[in-house]
Amino acid sequence: MAKKPEYRQEITDPTGKLPPRDTDLEEVVLGACMLEKDAYMNVCDILVPDSFYDPVNQKIFQAITTLGFNQRPIDMMTVTEQLRQDGTLEEVGGAVHITELTARVYSAANVEYHARIIAQKYLARRLISYASAIETKAFDESNDVDDLLQEAEGQLFDISQTQLKREVTQIDPVINLALEQIQTAANNESGLSGLQTGYTELDRMTSGWQNSDLIIIAARPAMGKTAFVLSMAKNMAIDFNTPIAIFTLEMANVQLVKRLISNIADLEGEKIKSGQLSPEEWDRLNSRLRGVYSAPLYLDETPGLSITELRTKARRLVREKGVKMIMIDYLQLMNATGMKLGSREQEVSTISRSLKALAKELNIPIIALSQLNRSTETRDDKRPVLSDLRESGAIEQDADIVCFIHRPEYYTKSGEDAEGNDIRGLAQLIVAKHRSGAVGDVKLRFVSKFAKFENWDQGYNELQETLREAPRTLSSKMNSMGAPDAPASPAPSPFNLGGAPTSPMPDIMPGPNDQNIPF
């Protein structure tokens, strides 16, 4: 008669402490799984074989898991037979030990509660093992500290992912929540249930950016991805006072803010870089920047941002600053360093899934910019499609909304399309995927001099209004553009925000043929 093998010698950590475990509770759970037919279904999402500290218990639960996976009955006899097929029956103490496990259990009523205790102790052991391994490597001076830090981030993220499971919810409270959101949208003057972007047609199509959505905005280089995000951030954070966070992995905060200043003050990028502004332009800059100070716009320029870092910072921003939306420029510059991934495509897939999980966890929309591959350049039709998303098809699967920025003018010299229509300044925001709504095109106007996007009719209407109100002044200014510059007067200080602006120049729409994005 086989006997249960003597348990291995207890392993202690360097402090002399025993690892967290409860082998008696493990045996009770195993016995309950073999005693009650529904017990395994109550614990299968909580426990895995490695959750058990005793290797004997690991083998028994592995046999139970195999039976459950194959939808076969789980009882004392079937588990014994499965262990025999696995070749591990004698290792666990034979059929006698299996019988002893079932004899120790009188009820499986508390099996789920017991399973959660075992799962918590397993998680504690994983943390101890992880910390011990990192400590050992940290003492080895041959290891690069930066690489070690990234590895630690990846392992900790992997452990934390096991804690994101949520319980099943009965439909009644969900219905009440949905009705509450519908009522809120009805009471909103804009009629939107999500965050307003300032782009009328886009808001109408999406009802605003919705909480927990992952939104991908993709385009080829020079289409204006960053300009679009900045224009939208300006609308939301400055015009609507919505707290926004931007993680810029491609450029420094100062560069980003200079582009934002060009957008807000209608100043060309070259002038912002050189500082060669006229007194009138200084006045306009000072006047318009007053509304930017204290705006709820938060910037982070961490290069090579990892998913773990983003999660930590995002949680703090939501908790401490009340951030309602996060923008990332751009997805392919992020990394999942520390995780054992076979390829860059798998890494991008992991990043994409993690961004969607983070959006759900924080219950806010997350916008991530993405590059497109070069397929569009080799086609006659330059409009992007979903298959053009770069490096991973998982981006398309994980995203709730996928938008493409397309400027047909970029691919023509005449400023006209094949039908002879004037497309100068036209930018199309193509909503190619919308999990909970319609797809289609949104017409926007791209103002290249100021690197900003506007509603399609906005710039045209402003110009017509200016022409009606001050035709002579505008004509005089336009006629004097080719004249020699007048002697320059000393420019006012850019920090003189307290003085009154002196006769600001009417806003003039830039020429539609400008295609280059400044700086």
Side-chain angles (χ1 to χ4, degrees), residues 1-13 16-130 132-133 158-159 161-165 167-168 340:
M1 181 181 299
K3 296 177 60 179
K4 179 186 175 183
E6 292 295 328
Y7 189 69
R8 64 181 180 180
Q9 184 179 0
E10 296 284 4
I11 300 175
T12 60
D13 68 1
K17 297 180 180 178
L18 292 174
R21 77 271 184 267
D22 191 330
T23 54
D24 290 337
L25 205 58
E26 291 177 3
E27 293 182 352
V28 168
V29 169
L30 292 175
C33 288
M34 291 183 284
L35 187 66
E36 297 287 343
K37 65 176 183 178
D38 294 330
Y40 173 73
M41 299 304 298
N42 292 331
V43 303
C44 63
D45 290 334
I46 303 172
L47 299 176
V48 295
D50 286 343
S51 301
F52 293 81
Y53 179 72
D54 189 334
V56 168
N57 296 337
Q58 290 179 8
K59 292 180 175 66
I60 296 173
F61 192 75
Q62 179 61 63
I64 292 173
T65 300
T66 302
L67 292 170
F69 180 79
N70 294 319
Q71 297 184 353
R72 292 162 56 190
I74 300 173
D75 56 33
M76 181 181 64
M77 300 304 296
T78 57
V79 171
T80 301
E81 180 58 29
Q82 183 62 48
L83 287 167
R84 184 177 288 110
Q85 292 179 15
D86 295 340
T88 57
L89 181 60
E90 296 304 316
E91 296 177 22
V92 302
V96 173
H97 180 59
I98 303 301
T99 303
E100 291 174 347
L101 290 176
T102 56
R104 294 183 57 181
V105 180
Y106 297 99
S107 172
N110 300 319
V111 64
E112 185 175 347
Y113 178 76
H114 295 157
R116 294 192 182 280
I117 294 176
I118 295 172
Q120 288 294 313
K121 293 184 181 299
Y122 170 55
L123 182 61
R125 293 198 302 273
R126 290 184 65 188
L127 286 171
I128 292 170
S129 176
Y130 145 80
S132 177
D158 185 48
I159 294 174
Q161 286 293 94
T162 62
Q163 300 304 304
L164 296 180
K165 297 178 181 178
E167 296 297 326
V168 174
K340 296 180 180 179

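The first residue of the sequence shown is numbered 1, and numbering continues consecutively from there.
Here the side chain of T80 pairs no donor or acceptor atom with the backbone of A95 at under 3.5 angstrom.
Residues satisfying the side-chain hydrogen bond (donor to acceptor under 3.5 Å, both in side chains) criterion with E36, sequence neighbours excluded, are absent altogether. Taking the side-chain hydrogen bond (donor to acceptor under 3.5 Å, both in side chains) definition, one finds that E81 meets it with R84, sequence neighbours left out. Remark: D86 pairs with Q82 by the side-chain hydrogen bond (donor to acceptor under 3.5 Å, both in side chains) rule, at least two apart or across chains. Considering only residues two or more places apart in sequence or on other chains, R125 meets the salt bridge (charged side-chain N to carboxylate O under 4.0 Å, His left out) condition with none of them.
Here the rule is side-chain contact (heavy atoms from CB on, under 4.5 Å) with I74, and of T66, I64, D38 only I64 fits it.
Taken from CD in Q58 to OG1 in T65, the straight-line distance is 11.0 Å, to the nearest 0.5 Å. The CD1 atom of I128 lies 10.0 Å from the CG atom of L123; values are rounded to the nearest 0.5 Å. H114 NE2 to D24 CG: the interatomic distance, rounded to the nearest 0.5 Å, is 11.5 Å. Once rounded to the nearest 0.5 Å, the distance linking CG of N42 with CG of N110 reads 11.0 Å. Here the SG-CG distance, from C33 to D75, works out to 12.0 Å after rounding to the nearest 0.5 Å. To the nearest 0.5 Å, atoms CE (M76) and OG1 (T99) are separated by 4.5 Å.
L47 approaches A119 most closely through the heavy-atom pair CD2-N, 3.9 Å. The two residues V29 and A115 have their closest heavy-atom pair at CG2-N, 4.2 Å. Among all heavy-atom pairs drawn from S51 and E26, the shortest one is O-OE2, 4.2 Å. Nearest heavy-atom pair, A39 versus A32, reported as atom, atom and distance to 0.1 Å: CB-O, 3.3 Å.
Identified under the salt bridge (charged side-chain N to carboxylate O under 4.0 Å, His left out) test for residues 59-72, with sequence neighbours left out: K59-E91. Residues in residues 55-89 take part in these ring pair (Phe, Tyr, Trp, His ring centres under 6.0 Å) pairs, two or more places apart or across chains: F52-F61.
Between I118 and V43 there is no side-chain heavy-atom pair separated by less than 4.5 Å. With contacts defined as side-chain heavy-atom distances shorter than 4.5 Å, the pair H97/V56 qualifies.
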Can you check side-chain contact (heavy atoms from CB on, under 4.5 Å) on L83 and I98, steps first, answer last? CA-CA 10 Å; L83 287 167; I98 303 301; 3.7 Å; yes
List the steps and the verdict of side-chain contact (heavy atoms from CB on, under 4.5 Å) for D22 and Y53. CA-CA 8 Å; D22 191 330; Y53 179 72; over 6 Å; no
